[in-house]
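The structure appears below as structure tokens.
Lettering follows sequence order; numbering is per chain, from 1.
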Amino acid sequence: MNLFADIRALVNEALASMAAEGMLPEGLDLANVTVEPPRDPAHGDMATNAAMVLAKPARLKPRDIAEALAAKLTDDPRIASAEVAGPGFLNLRLDVSVWQSVPKAVLTAGTEFGRSQMGQGQKVNVEYVSANPTGPLHVGHTRGAVFGDALASLLAYSGHEVTREYYVNDGGAQVDVLARSVYLRYLEAHGQKVEFPDGTYPGDYLVDVGEALKAKVGDAYIGKGEEVWLSEIREFSTESMMNLIRADLKMLGVEMDSFFSEKSLYGTGLIEAAIADLDAKGLIYRGTLEPPKGKVPEDWEPREQTLFRSTAHGDDVDRPIKKSDGGWTYFAPDIAYHYNKVTRGFDALIDVFGADHGGYVKRMKAAVSALSEGRVPLDVKLTQLVKLYKNGKPFKMSKRAGTFVTLRDVVEQVGPDVTRFVMLTRKNDATLDFDFAKVLEQSRENPVFYVQYAHARICSVLRKAVEAGIAVDDATLAEADLSGLTHASELAVAKKLAEWPRLVEIAARTHEPHRVAFYLYDLASDLHALWNRGNEEPSLRFLQDDDAAASQSKIALARAVTVVISAGLGILGVAPAEEMR
RNA sequence: GGUCCCGUAGCUCAGCUGGAUAGAGUGCUCGCCUCCGAAGCGAGAGGUCACAGGUUCGAAUCCUGUCGGGACCGCCA
């Protein structure tokens, strides 16, 4: 049930019949016709811009179209009134029975209310986290993980077939660094005193790995050169790190469908195949790049390289795919990886990167555009910085000072639900302030609490109802007579519930899960408002003394709110609270 | 210098495919518990949507330019 879609369809029918009757020309483009809730409730329940959009192509005055459309629409029993306003808006008021039917629809569908078929089963690959397997996940990764996960859920809820994927950078030089660092910890485990030179990872999370390596191979690598142990320790270390990362993600409630190894691209011909594909399209050549405009790096010198003609697909400069020593640049395996995604048959790709990879977006889009010949869209979502605070004071992260804040630190302190919700209360491309004290505060200022409180309050009512011997199971509530829900505060809640399916589609289309969080806050707000009206007007309370039928109708509305909150929180990966503690 | 992101109330931020008198929270002023959870609700005050052009019936939203903040910028991923 999507009321806005229903009414939009009704408008389309009315316009079609006007065309059939010769009042409008045939074949008008209706793509820009909208039916949406007006900002100002005084303008009714829904407004359509049809008359204004069609005035020009139809060579008619907006008012004339609007008048005729109004006459058609009011024939439908759902439309209580349609009046022309402003420059040609048609403001619609829906019959109260339409709003009264909303809780029933919610209770019948459960958390499936709002699920959309918009995606039409499109296969979408969402790649996120993809942190290097060289250490535990930190706060920045956490935001990417939460965002990507919620986006994936949102797309699944709106009719897409989603694959959640992690790209494991286990093929580059940073894994050698990891292996050498583990080797030092291994020596340490054998009682040697070691120092960590620049270019190694001194973090103590590798102590256990060194110990484990000792347990596995004993003293076999002591005093031996890299040629003996590098490859094997690399393998051992990345496996350990991935186990660590998997455990971190699990704490946060993130579960990937697939881990794709960068290493699996080497020596298997996959990179070569991807580059050959580009080459066949005439997009690979030997050449020399211009120096960067403005500040030229100190050590700049012209150099002939193997280049990808990414400028043919919207990039600003062509990009090197081979280093001067003949090895691939990091870009080459990324091309191969995305080539692989395309050949796996995905209809759309989404990459979630940290903002520091912003400069990488255009070339990646160029690569996918070239490889798929423009068929597969790639959307790259960048997650901005997380700024940490403690009681309003900035909290600087520093590996040296030991104040390096990991995902584990955050989740252990505030829990996965709070972490996830808070990380979704900002647009992905806006920086996020995360205050360890404030996110646990129980006040309206804290949206996590505010939404959970609304949910818990209703659960409390349901418990009271049961004590009073009133049946409040969903099947019973769905059959309740809702014609008594007539107060503006009650209808406001019903109207907000009716917006949920529409909100899901907008959020999914824009790839913006934060919209769900903001919607839930608004829904909670309407519920709290209704609740408090009950203080002054006893007839608005959910529990009506000695009147089970009236109680059930009001509880049906309240219960529907918890259902939608559960559905919304479910997309965000947050568990609803039965009671506040 | 180039590319991308951001600039909306004192502060932190929403704002849908361009739509009507631009909204929340917070802070300030004032009200609401004999009553389902007041951890809440209501009212008031608070705006040159950074600036200047352009497109449009209509611009916070789209285009161009300027200013300010951030990220990135050929053999690191």
Output the rounded distance in Å from [atom1] ([X]) to [atom2] ([N]).
{"X": "A/D316", "N": "B/G74", "atom1": "CG", "atom2": "C1'", "value": "14 Å"}
{"X": "A/D435", "N": "B/U26", "atom1": "CG", "atom2": "C1'", "value": "14 Å"}
{"X": "A/R426", "N": "B/G15", "atom1": "CZ", "atom2": "C1'", "value": "14 Å"}
{"X": "A/E536", "N": "B/C36", "atom1": "CD", "atom2": "P", "value": "14 Å"}
{"X": "A/H455", "N": "B/G37", "atom1": "NE2", "atom2": "C1'", "value": "15 Å"}
{"X": "A/D356", "N": "B/U3", "atom1": "CG", "atom2": "P", "value": "20 Å"}
{"X": "A/I321", "N": "B/C76", "atom1": "CD1", "atom2": "C1'", "value": "18 Å"}
{"X": "A/D315", "N": "B/G74", "atom1": "CG", "atom2": "C1'", "value": "13 Å"}

Next item on the list: Measure the distance between the ring centre of A/H43 and the centre of the six-membered base ring of B/A20, then answer whether it is under 5.5 Å with planes under 30°.
Entry: yes

Item checked: Face-to-face contact A/F89 to B/A20 six-ring, under 5.5 Å, under 30° -> yes

What interatomic distance, in whole Å, is found between [atom1] of [M] and the corresponding atom of [N]?
{"N": "B/U12", "M": "B/C75", "atom1": "C1'", "value": "44 Å"}
{"N": "B/A43", "M": "B/G54", "atom1": "P", "value": "40 Å"}
{"N": "B/C67", "M": "B/G44", "atom1": "P", "value": "42 Å"}
{"N": "B/C33", "M": "B/G42", "atom1": "C1'", "value": "14 Å"}

Check: Looking at the angle O4'-C1'-N9-C4 for a purine or O4'-C1'-N1-C2 for a pyrimidine, is B/C62 syn or anti, with syn meaning within 90° of 0?
Finding: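 Chi for B/C62 falls in the anti range.
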
Can you tell me the Watson-Crick or wobble partner of [N], both distances under 3.5 angstrom?
{"N": "B/G1", "answer": "B/C73"}
{"N": "B/U17", "answer": "none"}
{"N": "B/U55", "answer": "none"}
{"N": "B/C49", "answer": "none"}

Check: Just by modelled atom types, is the A/V386 backbone N or O under 3.5 Å from a matching donor or acceptor in the A/T431 side chain?
Finding: no

Notebook entry, point to check: Quick one: does A/E536's side chain have a donor or acceptor within less than 3.5 Å of a partner on A/R533's backbone?
Noted result: no

Note to self: With a 4.0 Å limit, can you tell me whether A/H528 has a side-chain N or O closer than that to the phosphate oxygens OP1/OP2 of B/A24?
What the structure shows: no

Checklist line | B/C4 OP1/OP2 closer than 4.0 Å to side-chain N/O of A/K362 | finding: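 For A/K362, the contact criterion (side-chain N or O under 4.0 Å from OP1 or OP2 of B/C4) is met.
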
Could you check which of [options] has an atom nearest any side-chain atom of [X]?
{"X": "A/N535", "options": "B/A38, B/G19, B/C76", "value": "B/A38"}
{"X": "A/D40", "options": "B/U21, B/C13, B/A14", "value": "B/U21"}
{"X": "A/I506", "options": "B/G19, B/A77, B/C16", "value": "B/C16"}
{"X": "A/R463", "options": "B/C6, B/G37, B/G25", "value": "B/G37"}
{"X": "A/T510", "options": "B/U26, B/A77, B/U17", "value": "B/U17"}
{"X": "A/R509", "options": "B/G74, B/C16, B/U3", "value": "B/C16"}

Check: Between A/Y453 and A/H528, is the gap from one ring center to the other below 6.0 Å?
Finding: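 Judged by ring-centre distance (under 6.0 Å), A/Y453 and A/H528 do meet the cut-off.
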
Checklist line | Carboxylate-amine/guanidinium proximity below 4.0 Å for A/E235 and A/K263 | finding: yes

Notebook entry, point to check: Using 4.0 Å as the upper bound for N to carboxylate O, is an ion pair formed by A/D435 and A/K387?
Noted result: no

Notebook entry, point to check: Is the charged tip of A/K390 near the ring of A/F436: under 6.0 Å from the six-membered ring centre and within 45° of its axis?
Noted result: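 Because its charged atom sits under 6.0 Å from the ring centre and within 45° of the axis, A/K390 does stack over A/F436.
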
